Every structure is written in structure tokens, then in C-alpha cells.
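Quick notes on the structure that follows.
Note that this is a predicted model, so its numbers are computed, not measured.
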Amino acid sequence: MYVAQPIEWTDQGVVMLDQRKLPAEEVSYTYTDYRAVAKAIQEMVIRGAPAIGVAAAMGVAIGVQKSTATSVDALKRELSEICDTLAKTRPTAVDLFWGLERMKRHFNELVESGTDLDAIRSGMVAEAKEVHKEKLATDEAIGRFGAEYMPTEGQVMTQCNAGALATAGIGTALGVIRAAYEQGRKLHVLVPETRPYLQGARLTAWELHRGGIPLTLITDNMVGHFLKTGKVGAIVTGADRIAANGDTANKIGTYAMAVLAKENNVPFYIAAPISTFDLSIPDGEHIPIEERSAEEVTHIRGVRIAPDVHAAHPAFDVTPNRYIHAIFTERGVAKPPYTESLKKLAAAPAKHSVHG
Ligand code: MRU
């Protein structure tokens, strides 16, 4: 089945598919400067929390590789500037900070083991490639755990794009749907367009269509109607940050979808890797919500659709844990109470599966 490739490390640099141009054009750029990688993350050339984590790791690797530093101390100072620049791009997606921390940790390990400058540079590139490689296995495991919770046939709903484009693997929410579909479950996906950036209409519809999975595109204000008809068997979405108590930030509109799901007795699930957990914060009140440009609301692809008025654009909202039936991760399925199950999964060895 077709799997989109949003990012790749090559000898020429970091190659990213420009997701702003999909589905009309498939254009990729090669990045050789970490500042340009940061700009690409900020401007949504690449988006989706886990894919942002991969881009951040590769941004660090390209920064270190291209650095002209002649001592480990000088390179360390540059590394901190590189990480600060990348950290300022998308505040809600915690995978960004996870990717940066992982690269910093690896740098320190290389320095502590007395590795020379050239080997530090190549070691950092290898680590970024490893971060990317792990995404595939992670998503496949999430898909396997989550697929069991999908209906054997009928409609399922998602939000935004939590597919291969968003993870650099096979996708989290779409990975679950894909795994269930490959098992023979006869699923039909309802895809809300996801205003204002239209990740549903542009990206999820594109990925599912390419993968041969049946879908129906709907507008965001049709969500309640379709849930009320009683023909949606489950909802599965991705996440940008999951607090210690299970409160989950995801694309704006997810909260309303979860509340409507409860009202209509439709199970609502989150699919996300452990790297999306933020157990340092007790609840969703502590999740920073990215405020994006109002122009993304007043304009669609550069064309003004509203008068010149004030417009708001919180890019994410927080779904309280009480609306979430389960969280699918690569180490197993977390169930309420999340304060216990998430902690247990985060501490579990990577290769084991723990049902929370
Ligand atoms: O603003 P975006 O497109 O980066 O938002 C993406 C989402 O909200 C996804 O659902 C989330 O990052 C999970 S992706 C597997």
C-alpha cells in the first residue's frame, strides 16, 4: 500500500516534500541549513507532531554536519544555538522538543566517550537517521494495537492528518485505520476537511485515496450530523501533546468532535507514540497552544475569503481525558485512569507491550 515520504536524509541534505502544495503538486526541496529547516517547520512544509520530531533531529544533524567549528567546545555552543532556533518553531508539538533532547543527549554521549569532531558529526547524522527509522516500527506497533479497536465494518472518523505525512512512518491514526483495513475490516473513513489549514481535505483525503482506502470528505460542521446518525463505529485521531493525566492537545476541532462522540456514544481514541507524552505537566491546562497567523483563516491559498476583520487561529485544542476511551501507543494501549497507565507505558521497555 502506498506510503507517503515526507522527509528523507540524503547525501545532498534533508529532502522534504512541500505539504503546503499537496495535493495539487508534489514538490520537494533539499535543505542544507538548519535555519531553513526551522523555517520549513514553522511554515508547514512539514507538519504533524512525530514528523516535526524527525525534522528537528535532521535539522540538528545538518547544523552539526555543516558547522565550521574547530573544537568540541565551539561545536557545543553552536549546537545550543541550533537547538534554540529549532525549538522556536511549533510550541504545541512536544515531539519537536523530544527530538531536540534526543540529539543533545547523543551529542553529550559522543563527547563523553572522547569521540573526535568528524566522528561527532557523522554520529549525529546517524542518530537523526535512526530517529527516522524508528518511526516506521513505532507506527506499525501503534497500528497493530489500535486495529483491534476498530469495527469489523462500517464508518470511522478521524481529524486533521495523522498519516504517513505527519509521522514519517505509516501514520498514527491513519496507521491504525490502515492496519485494520489490511486485516480485512471493511472500513470507510469520514474525513473532516479541517479548517483552516485543510489537512483533512488536502492530505488525509490524498493519503487514503492513494492507499485505496474508501473515504468520504465532509466539512467540519458536518461532524455532529454524521455522529448522530449512529453509523460511525469509532473515532481515532493523533495527538500533539498528551499530559500526565491523559488530557490531549490535537488539531483544533478535536475537542468538539470528542464531546459530540460522547453525546452520541461513539468511542473516541487517540493514537500516538510515547514521544508525544509530556509527563512533566499534570494536565491539559499546562499545554501551550500555538496561535497561528489570522491570515490562514481569512485567506485560503492566498485568496481572501473574508473582509479585513480580526480573526483568531488557535491551531490546537485540548480534549479532557474523560472523553478519551483509550490511547494507542507502540508499547500497548493505555486506559483510564491515565495518570497510572501512561506512567506505566512510558517506563515499559520499548519492545514489550503493556496494557494499561
Ligand atoms: O498543525 P499540524 O498539521 O502540524 O497538526 C497536526 C495534528 O494536529 C496531528 O493530528 C498531530 O500532529 C498528530 S500527527 C500524527
Side-chain angles (χ1 to χ4, degrees), residues 2 4 19-20 22-24 44 47-48 146 149-166 171-178 180-181 185-240 248-271 292 296-301 303 305-306 311-317 319 323-325:
Y2 175 75
Q19 299 192 28
R20 299 167 305 180
L22 290 173
M44 316 267 283
R47 30 66 51 203
Y149 291 76
M150 294 296 104
T152 47
E153 62 180 308
Q155 298 187 121
V156 294
M157 191 181 274
T158 187
Q159 167 73 336
C160 191
N161 172 265
L165 288 169
T172 50
L174 290 194
V176 168
I177 291 171
R178 175 192 286 262
Y181 191 77
R185 296 182 197 228
K186 295 181 180 53
L187 300 183
H188 186 106
V189 190
L190 288 176
V191 180
E193 59 183 358
T194 316
R195 277 276 290 146
Y197 217 75
L198 300 173
Q199 290 95 329
R202 296 190 303 103
L203 309 176
T204 296
W206 183 76
E207 278 196 46
L208 290 173
H209 183 61
R210 280 242 170 148
I213 299 177
L215 74 135
T216 298
L217 179 63
I218 61 174
T219 61
D220 299 332
N221 51 2
M222 294 175 190
V223 164
H225 169 77
F226 279 100
L227 290 174
K228 197 159 176 277
T229 60
K231 293 196 182 112
V232 178
I235 298 175
V236 57
T237 79
D240 278 79
T248 295
N250 191 47
K251 181 52 56 192
I252 192 78
T254 306
Y255 165 58
M257 187 182 273
V259 174
L260 283 162
K262 183 162 184 164
E263 166 72 14
N264 293 288
N265 296 314
V266 177
F268 177 88
Y269 303 113
I270 295 288
R292 290 190 66 84
E296 290 175 357
V297 176
T298 55
H299 292 64
I300 294 183
R301 299 203 143 176
V303 177
I305 54 149
H313 186 186
F316 302 96
D317 57 28
T319 299
Y323 294 107
I324 302 169
H325 280 64

Heavy-atom donor-acceptor pair, [X] side chain to [Y] backbone, under 3.5 Å:
X      : Y      : value
Arg202 : Tyr197 : yes
Asp317 : Ile252 : no
Arg195 : Gly253 : no
Arg301 : Arg20  : yes

Rounded to the nearest 0.5 Å, how far apart are [atom1] of [X] and [atom2] of [Y]?
X      : Y      : atom1 : atom2 : value
Ile270 : Thr319 : CD1   : OG1   : 6.0 Å
Met257 : Phe268 : CE    : CZ    : 7.5 Å
Ile300 : Ile305 : CD1   : CD1   : 4.0 Å
Thr216 : His188 : OG1   : NE2   : 2.5 Å
Leu208 : Tyr181 : CG    : OH    : 10.0 Å
Leu260 : Tyr255 : CG    : OH    : 10.0 Å

Worked verdict on Met150 versus Tyr269 for side-chain contact (heavy atoms from CB on, under 4.5 Å): CA-CA 10 Å; Met150 294 296 104; Tyr269 303 113; 4.0 Å; yes
Test ring pair (Phe, Tyr, Trp, His ring centres under 6.0 Å) applied to Phe226 - qualifying residues, sequence neighbours left out: none
Residue pair Leu190, Ile235: steps toward the side-chain contact (heavy atoms from CB on, under 4.5 Å) verdict: CA-CA 9 Å; Leu190 288 176; Ile235 298 175; over 6 Å; no
Over all heavy atoms of both residues, which pair between [X] and [Y] is shortest? Give the atoms and the distance, please.
X      : Y      : answer
Pro314 : Ala312 : CD-C, 3.7 Å
Ala173 : Gly238 : CB-N, 3.9 Å
Leu217 : Ala201 : CD1-CA, 3.6 Å
Ala271 : Val176 : CB-CG2, 4.0 Å

Looking at residues at least two apart in the chain, or sitting in another chain, which of them share a side chain to side chain donor-acceptor pair (under 3.5 Å) with [X]?
X      : result
Glu207 : Asn161
Thr152 : none
His313 : Glu296
Asn221 : Thr219

Stepwise side-chain contact (heavy atoms from CB on, under 4.5 Å) check, Ile218 with Val191: CA-CA 6 Å; Ile218 61 174; Val191 180; 6.0 Å; no
Quick one: are [X] and [Y] in side-chain contact, heavy atoms under 4.5 Å?
X      : Y      : answer
Gln199 : Met44  : yes
Arg185 : Pro151 : no
His225 : Thr229 : yes

side-chain contact (heavy atoms from CB on, under 4.5 Å) partner of Leu227, the single match among Glu263, Gln155, Met157: Met157
Candidate list Ile177, Thr158, Val189, test side-chain contact (heavy atoms from CB on, under 4.5 Å), partner Thr204, passing option: Thr158
Residue pairs passing the salt bridge (charged side-chain N to carboxylate O under 4.0 Å, His left out) test where at least one lies in residues 215-231, sequence neighbours excluded: none
More than 12 heavy atoms of other groups within 6.0 Å of His209 NE2: no
Evaluation steps, side chain to side chain donor-acceptor pair (under 3.5 Å), between Gln19 and Arg47: CA-CA 8 Å; Gln19 299 192 28; Arg47 30 66 51 203; 3.1 Å; yes
CA sep, side-chain torsions, deciding dist, call: Val236, Leu174, side-chain contact (heavy atoms from CB on, under 4.5 Å): CA-CA 8 Å; Val236 57; Leu174 290 194; over 6 Å; no
